[in-house]
Visitor: 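Supplied in structure tokens, the structure appears directly below.
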Amino acid sequence: MTLTVLMNAGPWLSVPPPGYGGIENVIATLVPELRRLGVRVVLASVESSTLPVDEKITVFPDGQFHALQRPYNQVCGVSQAHLSGVVRALHARDDIDLVHDHVEAVGLATLAAMGPDAPPVLHTLHWDLAKHPELYGNLDGGDRVRVNGVSASQLARAPQALRAHSVGHVHLSTPLAVDADRHAPVAKGDHVVILGRINPGKGQDLGARLAQEAGFRLVLAGPVGPYHRPEDLAAAGDEARQNPDVRFFYEQVAPYVDGDRVRWVGTVAGRERDDLVASARASLFPLRWEEPGGTAVVESLSLGTPVVATARGCLPELIEHGRTGLLTGDEQELGDLVLAAGGLEPAECRREAARRFTPARMAQRYVELYDRVRTGAAKP
Ligand code: UDP
């Protein structure tokens with residue numbers, strides 16, 4: 001019997017995302033592999049999503065990422081409108097065997113509220129759970145709702161109530177991991193890259209300061225709040241500073257950005273992103289939060305670039321110190337490790353990514369978890 005899964009990607013970005021988009025990248029990687037395994041996928045996303053699926057459910061024409069800078073009630077309004085659309089669609093049909101939900105707890109609560117007629121739900125946790133216990137305080141829906149994490153460390157930090165509903169964890173994967181032709185080794189330049197949202201947890205301020213102190217070239221790539229290009233941020237004026245990530249950038253990072261040793265290039269996408277990472281001497285993750293999944297970490301390995309990072313969150317699960325990267329508990333030591341990372345083997349990083357983080361493995365693991373959720377299995 002064919003399994004039909006409603007994959008809820010949410011209303012924020014199209015799938016695949018135009019540039020930045022951790023969750024959407026994961027879904028864009030997972031869905032083709034699931035379909036290869038015979039799973040029918042109904043994608044709940046925005047109309048502009050181009051990922052080939054069996055069917056789409058949409059409320060918004062395109063990604064509502066810009067709404068994330070608005071007051072919280074408007075953000076909730078977007079979430080609620082999207083989820084009402086999903087629930088309406090679910091009420092109108094009975095062919096959905098399982099909902100695979102990637103949108104925070106609002107999605108869980110709404111689906112669980114459908115009562116006994118709701119299909120079982122697997123909710124993938126993408127965040128640092130210890131930071132947001134309130135989101136998952138009330139897991140209505142009992143055995144019909146299960147969760148999975150994206151790393152063991154993320155689940156270990158989850159509140160007990162949530163862990164009781166867990167069916168295990170699945171390390172993230174990216175399409176970069178196996179596409180050896182598209183990502184043939186490139187010559188290494190002399191720069192180091194930090195790829196990610198500009199945010200205190202990702203630690204770009206620390207990276208930029210260390211680059212100035214230790215004397216390495218650093219490229220910061222990623223959005224600042226909702227702004228993808230430096231010229232858009234510059235044009236936004238003072239009002240933009242209401243966004244905490246914009247304030248963080250201006251106050252903590254910009255003082256080190258001199259356009260020469262330290263540059264911020266905005267969001268990079270596609271080939272430009274891959275080349276920037278593949279030609280870097282190292283990918284730096286000066287993390288100040290417990291990184292839950294680290295898509296960009298796995299991408300770096302698959303592009304043959306060793307990872308230098310604070311040993312937080314899932315980093316020790318993804319990186320083997322001395323082989324695929326260098327980890328430390330001491331922030332100040334990161335600068336020295338960046339200089340030492342040139343001694344690591346790019347081919348070793350690529351091999352590790354191809355061995356552990358393929359899209360096919362991720363999809364197989366999810367099919368196992370779907371089975372556990374549907375048969376009401378408790379713990380792994
Ligand atoms: N990303 C991108 N362009 C950028 C910055 C990030 O394409 O300029 C992508 C990156 O390759 C990764 C995702 O956005 O796939 C970020 O996911 P990650 O799990 O690393 O971070 P988070 O979800 O916490 O933002």
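Quick caveat: nothing in here was measured; it's all calculated off a predicted structure. Numbering of ligands and ligand atoms starts at 1, following listing order. Throughout, numbering of the chain's residues begins at 1 and tracks the sequence.
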Visitor: Ile23 versus ligand 1: do any nitrogen or oxygen atoms come within less than 3.5 Å of each other?
Guide: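 There is no such contact.
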Visitor: Does ligand 1 have any atom that is closer than 4.0 Å to a heavy atom of Gly21?
Guide: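 Flag set, Gly21 near ligand 1.
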Visitor: Which atoms from ligand 1 have a heavy atom of Arg197 less than 4.0 Å away?
Guide: 22 (P), 24 (O), 25 (O)
Visitor: Side chain or backbone, does Tyr20 bring an N or O within less than 3.5 Å of an N or O on ligand 1?
Guide: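 Yes; at least one N/O pair falls below 3.5 Å.
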Visitor: Between Arg271 and Asp275, does any NZ, NE, NH1 or NH2 come within less than 4.0 Å of an OD or OE carboxylate oxygen?
Guide: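 Looking at Asp275 and Arg271, the cut-off is met.
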Visitor: Using atom types as modelled and distance alone, determine if a side-chain donor or acceptor of His169 lies under 3.5 Å from a backbone N or O of Asn148.
Guide: no
Visitor: Using heavy atoms and a threshold below 4.0 Å, how should the contact between Asn25 and ligand 1 be classified: side chain, backbone, both, or neither?
Guide: side chain
Visitor: Would you mind telling me which of Glu290, Glu331, Glu291 makes a salt bridge (charged side-chain N to carboxylate O under 4.0 Å, His left out) with Arg312?
Guide: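 With Arg312 as partner, Glu290, Glu331, Glu291 yield a single salt bridge (charged side-chain N to carboxylate O under 4.0 Å, His left out), made by Glu290.
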Visitor: So is there a nitrogen or oxygen of Gly196 less than 3.5 Å from a nitrogen or oxygen in ligand 1?
Guide: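 No; every N/O pair is 3.5 Å or more apart.
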Visitor: Are any of the N/O atoms on Gly19, whether in the backbone or the side chain, positioned under 3.5 angstrom from an N/O atom of ligand 1?
Guide: yes
Visitor: Using a strict cut-off of 4.0 Å, indicate which atoms of ligand 1 neighbour a heavy atom of Gly222.
Guide: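 Once the distances to Gly222 are compared, the set is 4 (C), 5 (C), 8 (O).
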Visitor: Does the Lys NZ or Arg CZ of Arg157 fall within the cation-pi geometry relative to Trp289 - under 6.0 Å from the ring centre and within 45° of the axis?
Guide: no
Visitor: Taking a hydrophobic cluster as the set of Ile, Leu, Val, Met, Phe, Trp and Tyr residues connected by side-chain heavy atoms closer than 4.5 Å, whether directly or through intermediates, do Val253 and Tyr256 fall within one such cluster?
Guide: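 Cluster IDs for Val253 and Tyr256 differ.
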Visitor: Does Pro359 offer a backbone N or O that forms a donor-acceptor pair with the side chain of Gln364 under 3.5 Å?
Guide: no
Visitor: Where's the contact between His126 and ligand 1, heavy-atom distance under 4.0 Å: side chain, backbone, both or neither?
Guide: neither
Visitor: Before signing off on this row, confirm whether Thr267 and ligand 1 have an N or O atom pair separated by under 3.5 Å.
Guide: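 Among all N and O atoms of Thr267, none is under 3.5 Å from an N or O of ligand 1.
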Visitor: Under 6.0 Å between ring centres: does that hold for Tyr370 and His100?
Guide: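 Distance test on ring centres: under 6.0 Å, yes.
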Visitor: Only heavy atoms of Ala221, strictly under 4.0 Å: list the atoms of ligand 1 that pass.
Guide: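 Contacts of ligand 1 toward Ala221, numbered from 1: 8 (O).
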Visitor: Would Lys202 count as a contact residue for ligand 1, given that I'm defining contact as a non-hydrogen atom of the residue lying under 4.0 Å from a ligand atom?
Guide: yes
Visitor: Does ligand 1 have an atom that lies less than 4.0 angstrom from a heavy atom of Ala269?
Guide: no
Visitor: Within a 6.0 Å radius of atom CG on Asp94, are there more than 12 heavy atoms belonging to other residues, nucleotides or ligands?
Guide: no
Visitor: Which residue pairs pass the salt bridge (charged side-chain N to carboxylate O under 4.0 Å, His left out) test with at least one member in residues 241-260, sequence neighbours excluded?
Guide: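 Applying salt bridge (charged side-chain N to carboxylate O under 4.0 Å, His left out) to every pair that reaches into residues 241-260, excluding sequence neighbours, yields Asp238-Arg241.
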